[in-house]
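Just so you know, ligand 1 is whichever comes first in the structure, and atom 1 is the first atom listed for that ligand. When a residue number appears, it is its place in the shown sequence, counting from 1. Note that this is a predicted model, so its numbers are computed, not measured.
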Amino acid sequence: MPTSESTIRFIDLKRQYASIRSELDQAILRVIGSGSYVLGPEVDSFEREFASFCGSDHAVCVNSGTSALHLALIAAGIQPDDEVIAPAMTFVATVAAIQYVGARPVLVDVQPSTWTMDPNHVEAAVSNRTKAIIPVHLYGLAADMAAINEIARRRGITVIEDAAQAHGASLNGVMTGSLGEMACFSFYPTKSLGAAGEGGAVVSRDAKAIARIRELRDWGQREKYLHQVKGFNVRMEAMQGAVLRVKLRHLKTWIAQRQERARRYTALLAGTGLGLPVIPDGNSGHGFYVYAATLPGRDELRKHLGEAGIETGVHYPFPVHFAPAYQELGAPGRFPVSERLAAEELSLPLYPEITDHEIQRVVDSVKAWRA
Ligand SMILES: *Cc1c(COP(=O)(O)O)cnc(C)c1O
């Protein structure tokens, strides 16, 4: 479908740029003029500011959310043949990072109400080889961390949050990034806090783990050319640090706007038969990275909305074990809730800059299709 004046984009990063243009332009020019393009003071400052935003002590920035997961797993001491538990419904990076360290991903199903990792399945999946659990705060809703942390504490297992979709979200007043031993964020442009390119971070109170990741991201160097451990080149660019510092100043407002627009969708879509996002008791801090509705026959509604000039997304059309590259992780039918979610989920356009009028148009189109 051609993009016309009246198309409602699924995400519109140009609108965000327009809203903070002079701040961003200044930050970018400052970096180009500084002659310092990789790591450096902008990244250092962003690390302090982002750790503080998350209510934690430390952050270390890398070049993607995937690298954050990879280095967090190394810092947690995960070895080949260790088992790491992850949900079957996530972006594939969660599982890929486990295999980067040679460990074995053990998938578990998600809960039918919240779509996050089901603690009962986690309990059942723990073996004496389990060394870490990676709950994913899917769509911006924090996983059931109290139950997951309790299982991990009893068994001496590390909990690493995959918070790539959950910037600015919270659980009972505690920010994501402070809910496990380490937390991994992505700053891919379309995420709730996005760079002007790739980026990621690990947030933690564990100063030792953070120091280890700091070495690993820059060739394992403690001093220049003294390679203490075998490392990687996964450093953050200075430009991304500068852009993220600007955007972080707006993040609280943007999350509140996402929440307000999500409430509007939920109020207006009541009674349409669509499954709407559930916010469990005691959790008011859904980050609403994605407004995930569900409907059997989702593809037909998606087509109808597309014809009405409304872009939508699907997160994700396949659970991890349905991907040809990862089919060894479970036969079809093994994770029925994730499989149903993949078949029924429809992501509606949601971003801080979307207007009430546009939301009304999406809702009207859904109702017209149902009628
Ligand atoms: C985006 C995402 C990642 C990966 O982040 P990149 O920055 O793209 O490497 C990992 N996990 C989840 C749940 C994500 O949504």
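Under the salt bridge (Lys or Arg N to Asp or Glu O under 4.0 Å) criterion, Arg249 pairs with Glu23, not counting sequence neighbours. Listed by chain and residue number, nothing satisfies the side chain to side chain donor-acceptor pair (under 3.5 Å) test with Glu223 (two or more places apart in sequence, or in another chain).
In this structure, Pro277 and Phe288 have side chains that are in contact, with non-hydrogen atoms separated by less than 4.5 Å. In this structure, Arg154 and Glu123 have side chains that are in contact, with non-hydrogen atoms separated by less than 4.5 Å.
Ring to ring, Phe53 and Phe185 are not that close: their centroids are 6.0 angstrom or more apart.
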Expected rows: ligand 1 N/O, protein N/O, dist below 3.5 Å:
from: ligand 1; atom 1: 5 (O); to: Ser186; atom 2: OG; distance (Å): 3.3
from: ligand 1; atom 1: 7 (O); to: Gly65; atom 2: N; distance (Å): 2.8
from: ligand 1; atom 1: 7 (O); to: Ser186; atom 2: OG; distance (Å): 2.6
from: ligand 1; atom 1: 9 (O); to: Gly65; atom 2: N; distance (Å): 3.3
from: ligand 1; atom 1: 9 (O); to: Thr66; atom 2: N; distance (Å): 2.9
from: ligand 1; atom 1: 9 (O); to: Thr66; atom 2: OG1; distance (Å): 2.5
from: ligand 1; atom 1: 11 (N); to: Asp162; atom 2: OD1; distance (Å): 3.3
from: ligand 1; atom 1: 11 (N); to: Asp162; atom 2: OD2; distance (Å): 2.8
from: ligand 1; atom 1: 15 (O); to: Gln165; atom 2: NE2; distance (Å): 2.9
from: ligand 1; atom 1: 15 (O); to: Lys191; atom 2: NZ; distance (Å): 2.8

Which atom pairs, one a donor and one an acceptor, fall under 3.5 Å between side chains of residues 317-327 and the rest of the protein, sequence neighbours left out?
from: His321; atom 1: NE2; to: Glu339; atom 2: OE2; distance (Å): 2.7
from: Gln327; atom 1: NE2; to: Pro324; atom 2: O; distance (Å): 3.2

